[in-house]
Number of protein chains: 2
Amino acid sequence: MPATPAVPDGKRPTLADVAARAGVSTALASIVMRGTKGAGAATRERVLEAAREIGYRPDARARLLRSHRSQLLGVQFGLQHPFHSDLLESIYAAAEPAGYQIALSAVAAGRGEQRAVETLLADRCEALILLGPQVPAARLAELAGQLPVVSVARRLRPSIPGLEVVRTADDEGARQAVDHLVALGHRDIAHIDGGRAPGAADRRRGYRTAMNRHGLSEHIRVLAGGLTEEDGAAAARGLSEARPRPTAVLAFNDRCATGVLDIFLRSGVAVPGDISVVGFDDSHLARLAHIDLTTVGQDISRLAGLAVSRAVARLEGDKDPAGEHVIAPRLVVRGTTASPH
Amino acid sequence: MPATPAVPDGKRPTLADVAARAGVSTALASIVMRGTKGAGAATRERVLEAAREIGYRPDARARLLRSHRSQLLGVQFGLQHPFHSDLLESIYAAAEPAGYQIALSAVAAGRGEQRAVETLLADRCEALILLGPQVPAARLAELAGQLPVVSVARRLRPSIPGLEVVRTADDEGARQAVDHLVALGHRDIAHIDGGRAPGAADRRRGYRTAMNRHGLSEHIRVLAGGLTEEDGAAAARGLSEARPRPTAVLAFNDRCATGVLDIFLRSGVAVPGDISVVGFDDSHLARLAHIDLTTVGQDISRLAGLAVSRAVARLEGDKDPAGEHVIAPRLVVRGTTASPH
DNA sequence: AGATGATGCTAGAACGTTCTAGTCCATCCC
DNA sequence: GGGATGGACTAGAACGTTCTAGCATCATCT
């Protein structure tokens with residue numbers, strides 16, 4: 001119960017204050033606070049007691065300045081991506097047991113990725129985990145030359161030395177969705193794509209090759225979409241007037257699919273009666289009882305876990321050729337898909 | 001183009017390296033890097049050039065350790081609240097021109113507010129901005145004794161010394177919504193509340209007093225809701241069977257309202273034909289063309305701006321009695337409300 | 001001509017930790 | 001008994017900055 005503001009003068013209590021109060025050297029106090037061995041049981045207790053009494057809190061910055069290891073993983077994320085929020089949740093959970101702290105840096109309106117990374121570097125992070133980075137590959141290569149970098153959810157073609165890529169097999173996910181729809185009896189399956197969003201190209205390709213493999217080449221139809229409900233809605237408006245109307249739609253992601261569902265609902269197109277809809281991500285949205293969307297799930301906790309463990313492995317001297325870690329997606333069948341007719 | 005890893009040995013370049021290369025003292029190099037006056041134009045150029053050449057990047061931790069000011073505002077936010085993301089966006093924008101940096105700390109599954117605040121304090125933040133904090137008021141008081149604390153979107157009754165509160169006038173927002181509905185001719189107006197969420201109590205109260213003022217006491221109907229689509233959907237299910245069914249519903253927030261809309265749509269209840277729906281927050285969701293929700297807007301950028309400016313004012317010696325800053329909400333009329341019948 | 005005051009610069013001490021290299025003292029082993 | 005071992009502890013030097021003094025130098029004012 002440190003009701004009083006610690007040390008007499010207004011300043012924050014320091015390790016020296018603790019040491020003085022316990023009657024030991026600051027070096028020993030440091031040993032005790034870190035929990036390393038080298039201190040007697042009695043003294044240890046005395047120091048901890050003193051620290052508690054004056055409300056001592058170690059200064060992270062001084063600590064990191066001195067010790068060469070900072071045990072910090074810098075994570076860059078986008079404020080407007082719920083998917084990133086979910087990843088962060090799991091990243092925190094994975095970093096903790098590995099003994100690492102997380103430093104966050106958001107990409108926001110007036111704050112690009114360049115700025116976000118700058119601050120992480122200035123904070124002396126040991127490794128960088130970038131969620132869906134958009135910076136040019138050259139910049140990533142430059143960064144990877146300085147410290148371990150993990151790119152999550154963005155594919156990168158020529159494997160850059162020192163750069164780890166963790167992503168979902170997006171093409172495989174699209175394939176699973178198409179297979180599922182074909183198995184239900186669908187032939188006329190359209191895809192609303194994600195434009196230039198990370199993963200969009202792979203999903204598009206996965207859709208195309210799966211359609212070809214099923215001999216449905218002439219039914220291939222890719223509509224310009226995007227990653228918001230709005231984008232899905234726009235595409236769906238065009239679709240509900242199209243003749244022949246496809247009997248199934250694979251949307252770029254769940255938000256996009258939700259927009260599609262909404263437009264169909266309003267224009268009297270029954271789902272899954274008249275048309276089936278599949279999303280991508282298995283977000284909270286898809287799980288909602290009243291949306292109940294069939295979707296391709298990304299294994300978020302595995303993505304996050306792998307991102308953290310790769311970064312840590314790198315830091316602890318792993319010299320592996322480093323490369324790409326692709327995680328299999330898993331189709332989650334819910335209520336928006338059924339046999340046509 | 002710092003292609004080579006800076007200084008000969010593998011370590012990061014330091015200010016001393018820059019100084020050596022430019023042939024000046026570290027003190028002068030420091031002056032140049034900070035942009036303070038006290039250096040000649042020619043030397044300034046030479047130092048900057050040297051810094052660029054070896055790819056020097058100031059060490060934030062060393063810098064903060066030495067200078068007593070850290071120019072850091074610690075912000076605690078919840079990963080699962082889109083509203084917080086929006087606030088953060090504006091907080092970044094407001095902090096920049098004021099000359100402050102933002103340190104982020106997320107509240108996640110295995111990481112409570114206690115932990116989140118701990119790390120912010122260890123990082124030597126000068127002030128704390130807490131978004132929708134849930135910790136007991138006693139803890140807030142304790143914190144406020146150590147450094148300026150701003151609570152955003154959570155109301156606190158007895159004004160705690162040193163604690164600033166920035167929030168929307170939730171009761172007033174509910175009143176505006178009810179007034180709008182009454183003006184349209186509605187009398188039977190229900191409210192789906194937010195339970196224990198921050199602001200819920202005020203909105204509930206605002207709804208009640210507004211109904212009373214219009215002489216509609218016997219029509220007051222508060223249904224248990226929550227802050228997710230799911231909660232709204234659950235409440236709406238009960239509502240669509242109720243007799244008499246209300247002609248209008250005020251939902252706790254936009255997500256909740258979306259759930260309500262969805263259920264009504266599915267069960268053939270026309271909006272706004274059969275029933276009007278009003279949300280709260282004016283989130284992205286509400287603005288989507290296919291949702292087009294009448295809602296009570298919170299002025300996010302003003303909330304954020306005020307939070308930052310209050311924290312900064314405190315830091316710069318403002319001794320005002322400090323207290324509550326209440327921002328007026330504004331009703332945004334869109335397509336989900338109309339006259340009954 | 002001496003005082004005054006900028007201007008441009010530097011030496012060296014902080015800041016709050018951790019780390020290195022000891023010192024001291026007891027115990028153990030032959 | 002003498003050396004080796006090891007546990008508990010400490011002095012003092014890092015870490016990479018910023019800050020406080022202070023030193024020249026040169027122009028300007030009385």
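Between B/V135 and B/E142 there is no side-chain heavy-atom pair separated by less than 4.5 Å. Put simply, the side chain of A/F83 reaches to within 4.5 Å of the side chain of A/I300, judged on heavy atoms. For the pair B/V165 and B/I160, the minimum side-chain heavy-atom distance is 4.5 Å or more. Side-chain contact between B/R155 and B/E324 is present, with at least one heavy-atom pair separated by less than 4.5 Å.
For the pair A/V24 and A/K37, both in contact range of DNA chain D, the more 5′-proximal nearest nucleotide belongs to A/K37. Residues B/G23 and A/R57 each lie close to DNA chain C; by heavy-atom proximity, the contact nearer the 5' end of the strand is made by B/G23.
At a threshold of 4.0 angstrom between heavy atoms, the contacts of B/S67 are confined to the sugar-phosphate backbone, with no base atom among them. Among the heavy atoms of the strands lying under 4.0 Å from B/R34 are primed sugar atoms or P, OP1, OP2 only; no base atom is included. Residue contacts shown for B/A39 are limited to sugar-phosphate atoms, with no base heavy atom under 4.0 Å away.
Taking every nucleotide of DNA chain D with any atom under 4.0 Å from a non-hydrogen atom of chain B, the first and last of them, 5' to 3', are D/dG16 to D/dC19.
Rounding to whole angstrom units, CD1 of residue A/I31 and C1' of C/dG22 are separated by 13 Å.
In this structure, a donor-acceptor pair under 3.5 Å is absent between the side chains of A/S70 and B/R61. Between the side chains of B/S67 and B/R63, no donor N or O sits under 3.5 Å from an acceptor N or O.
Taking 4.0 angstrom as the limit, B/T26 places none of its side-chain polar atoms (N or O) nearer than this to OP1 or OP2 of C/dT10.
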